[in-house]
Amino acid sequence: MCDDTQDIGRRALFVTGSAAALTLGGVSFSSAATGPAPGSRETRTVRGTLPTGSPDFVYVPVAVPPGVRELRVAYAYDRPPVPAGTPGNALDIGVFDERGTELGGEGFRGWSGGARTEFFLRADEATPGYVAGPVREGTWHLALGPYTVAPRGLTYEITVTLTYGEPGTAVRPVYPPERAAGRGRAWYRGDCHLHSWYSDGRRTPAEIGALARAAGLDFVNTSEHNTHAGHGAWAEVAGDDLLVLLGEEITTRTGHVLAVGTDPGTFVDWRYRARDNRFGRFARRIRHAGGLVVPAHPHATCIGCGWRFGFGEADAVEVWNGPYTPDDEVALADWDAMLAAGAREGRRDWIPAMGSSDAHRDPDVVGLPQTVVWARDLTREAIQEGIGSGRSYVAESRHVSLAFSATGGRGGHAGIGERLEVDRDAPVTVRLEVTGAPRCTVRLVTDQGVLLTSGPLPGSGAGVVEWRTTPAYAAYVRAEVRHEATAPPLPGALAAFTNPVFLGR
């Protein structure tokens, strides 16, 4: 083994073509010309310091010689104490191979963010979050992401180890099927925002599958941060009773977006901000791969989590994320304001809402909340069609069920996400049936605001609420089922809510 230390901090920085990225001096392996023996290893350790105001991504080139079987990387960085309210150090990491770091290019080989301190990859295996495959000769790039930097800077150390030998045999991934047994036309429950150990989660895909089944889910969507490397790990989790959609959580510095139900092996780049005007390109990438574009937790308060790209590219929006909190209440109000603005302007297009758990580890609850979708069958295409059309509602658990509709005119009927085509002054009856929500109250919300609040439902949790209106008075109606308020006059947390039923021609 050869161990050499290089100090990147003394090397010059230069810009790589984007103001948000820098490339440092490289790491070289001198024994490439001597033909190292199979099984031998070489190690290099590099150190440096990133100042406050560092770019979003810093690349460390690694010159990989021929004959390498495995690349292994370990890193560490200092975490000095900081004043209250001041971000400390947080450094993410990933890697691109000899095909380069071009935005949206083919060089991506893995990302673990800040979830791991080391990783490896070779032809037949890789650390979760990284793409197995041969370690080919050429210049690779370690991608450092200084998520936050303390006032005195971020000092890091990276150790790169190459193991020489035959590359081994690549393993072809097996992906889950796009169809489960299903029940024909029916309501199907799902959770489209989940994290396993293929990003920063702590559960295996098998453990998530077991929890999804226990929560009464019919489908899930994989959504690892900035990597598709886990797509091939879900085939054994899927079954006749559980459809597994494949996707990604594209985690940028100005918001997160879910790719729901993309083609297997689809990678969507995340290395841009809202100001770069590049999101449209990657939203099209998601759709071209057959997926839905769903901004996640748009009003979350964590650094970089709030959505700043606008909703012009959204197919749906995640309004409820995990246990119901004040930022979900803001997201719900913001979504309703978009509905009301569209109604005032006479638009027929609208963005459906959904909810997901964003579960990472115990005690996070898979299926809290869950999106309940009316679909013609339990298939990738049918579930996506149901979500994209808004034929869905969101419930906190399998125990809460809703039936919501509007009737009027000559036997006209419309359900969630549909339109009741009647004249402006035609009488309309709105009906909500609830089960599984003891002592909750029902609110009916229109473009004019909350126009009906029921009394508490009985201890059985079942009840029916009816309300009469006209399209002139309410352009749409949606329902909320809420727990008892803990701090009146503020409303209680949601137990369920529906997408709207639209009224009028």
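Quantities reported herein were computed from a predicted structural model and do not represent experimental measurements.
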Just by distance, do the side chain of [X] and the backbone of [Y] share a donor-acceptor pair under 3.5 Å?
{"X": "Thr254", "Y": "Ala274", "result": "yes"}
{"X": "Glu157", "Y": "Thr45", "result": "no"}
{"X": "Asn499", "Y": "Ala353", "result": "yes"}
{"X": "Tyr188", "Y": "Arg183", "result": "yes"}
{"X": "Asp97", "Y": "Arg109", "result": "no"}
{"X": "Tyr198", "Y": "Pro205", "result": "no"}
{"X": "Arg271", "Y": "Thr101", "result": "yes"}
{"X": "Arg44", "Y": "Ser28", "result": "yes"}
{"X": "Asn221", "Y": "Gly261", "result": "yes"}
{"X": "Glu248", "Y": "Val268", "result": "yes"}

Is the closest side-chain heavy-atom distance between [X] and [Y] below 4.5 Å?
{"X": "Cys192", "Y": "Thr371", "result": "no"}
{"X": "His297", "Y": "His193", "result": "yes"}
{"X": "Leu154", "Y": "Leu91", "result": "yes"}
{"X": "Arg203", "Y": "Asp362", "result": "yes"}
{"X": "Glu166", "Y": "Pro38", "result": "no"}
{"X": "Ser357", "Y": "Asp364", "result": "no"}
{"X": "Ile387", "Y": "Pro352", "result": "no"}
{"X": "Leu339", "Y": "Trp350", "result": "yes"}

**OP:** Please say whether the positively charged group of Arg99, taken as NZ for Lys or CZ for Arg, lies over the ring of Phe96, i.e. under 6.0 angstrom from the six-membered ring centre and within 45 degrees of the axis.
**Re:** no
Subject >> Arg308 to Phe279 six-membered ring, cation-pi geometry met (6.0 Å, 45°) >> reply: no
[X] versus [Y], closest heavy-atom pair with distance:
{"X": "Trp270", "Y": "Thr251", "answer": "CD1-O, 3.3 Å"}
{"X": "Thr262", "Y": "His231", "answer": "OG1-CE1, 4.3 Å"}
{"X": "Pro65", "Y": "Tyr164", "answer": "CG-OH, 3.4 Å"}
{"X": "Gly114", "Y": "Asp92", "answer": "N-OD1, 3.1 Å"}
{"X": "Leu494", "Y": "Tyr324", "answer": "CD1-CE1, 3.4 Å"}
{"X": "Arg189", "Y": "Ala395", "answer": "NH1-CB, 4.1 Å"}

Return the [atom1] to [atom2] distance between [X] and [Y], rounded to the nearest 0.5 Å.
{"X": "Leu242", "Y": "Leu378", "atom1": "CG", "atom2": "CG", "result": "8.0 Å"}
{"X": "Leu144", "Y": "Asp56", "atom1": "CG", "atom2": "CG", "result": "12.5 Å"}
{"X": "Glu42", "Y": "Leu162", "atom1": "CD", "atom2": "CG", "result": "6.5 Å"}
{"X": "Arg361", "Y": "Arg202", "atom1": "CZ", "atom2": "CZ", "result": "5.0 Å"}
{"X": "Leu368", "Y": "Ser397", "atom1": "CG", "atom2": "OG", "result": "8.0 Å"}
{"X": "Leu121", "Y": "Asp124", "atom1": "CG", "atom2": "CG", "result": "11.0 Å"}

Original post:
Hey, mind stepping through Val131 and His228 against side-chain contact (heavy atoms from CB on, under 4.5 Å) and telling me if it holds?
Top reply: CA-CA 8 Å; Val131 180; His228 64 298; 3.9 Å; yes
Original post:
Under 6.0 Å from the CH2 atom of Trp197, do we count more than 12 heavy atoms belonging to anything else shown?
Top reply: no
**OP:** Indicate the ring-plane relationship of Trp307 and Phe311, choosing parallel, tilted or perpendicular according to the 30° and 60° boundaries.
**Re:** tilted
**OP:** Check each of Val220, Thr222, Leu211 against Leu194 using the side chain to side chain contact (heavy atoms under 4.5 Å, CB included) test, and report the only one that passes.
**Re:** Val220
Subject >> Passing candidate, side chain to side chain contact (heavy atoms under 4.5 Å, CB included) with Tyr393, options Trp374, Phe404, Trp187 >> reply: Trp187
**OP:** Give the intermediate values and the outcome of salt bridge (Lys or Arg N to Asp or Glu O under 4.0 Å) for residues Glu385 and Arg391.
**Re:** CA-CA 9 Å; Glu385 181 184 334; Arg391 294 196 301 272; 3.6 Å; yes
**OP:** Take Val73 and Leu142, measure what side-chain contact (heavy atoms from CB on, under 4.5 Å) needs, and give me the verdict at the end.
**Re:** CA-CA 9 Å; Val73 176; Leu142 303 178; 3.8 Å; yes
Can you find a side-chain donor-acceptor pair between [X] and [Y] that sits under 3.5 Å?
{"X": "Asp327", "Y": "Thr301", "value": "no"}
{"X": "Asp200", "Y": "His360", "value": "yes"}
{"X": "Tyr272", "Y": "Thr252", "value": "no"}

One thing to verify: whether [Y] and [X] come together as a salt bridge, which I'm taking to mean a side-chain N less than 4.0 angstrom from a carboxylate O.
{"X": "Arg478", "Y": "Asp336", "answer": "yes"}
{"X": "Arg179", "Y": "Asp377", "answer": "yes"}
{"X": "Arg287", "Y": "Glu313", "answer": "yes"}
{"X": "Arg285", "Y": "Asp269", "answer": "no"}
{"X": "Asp218", "Y": "Arg398", "answer": "no"}

Subject >> Glu224/Trp111 under side-chain contact (heavy atoms from CB on, under 4.5 Å): CA gap, chis, key distance, verdict >> reply: CA-CA 10 Å; Glu224 311 296 0; Trp111 181 258; over 6 Å; no
**OP:** Might you work through the side-chain contact (heavy atoms from CB on, under 4.5 Å) test for Thr161 and Phe120, ending with a clear yes or no?
**Re:** CA-CA 9 Å; Thr161 300; Phe120 77 91; over 6 Å; no
**OP:** Please identify each residue that fulfils salt bridge (Lys or Arg N to Asp or Glu O under 4.0 Å) with Glu106, with sequence neighbours left out.
**Re:** none
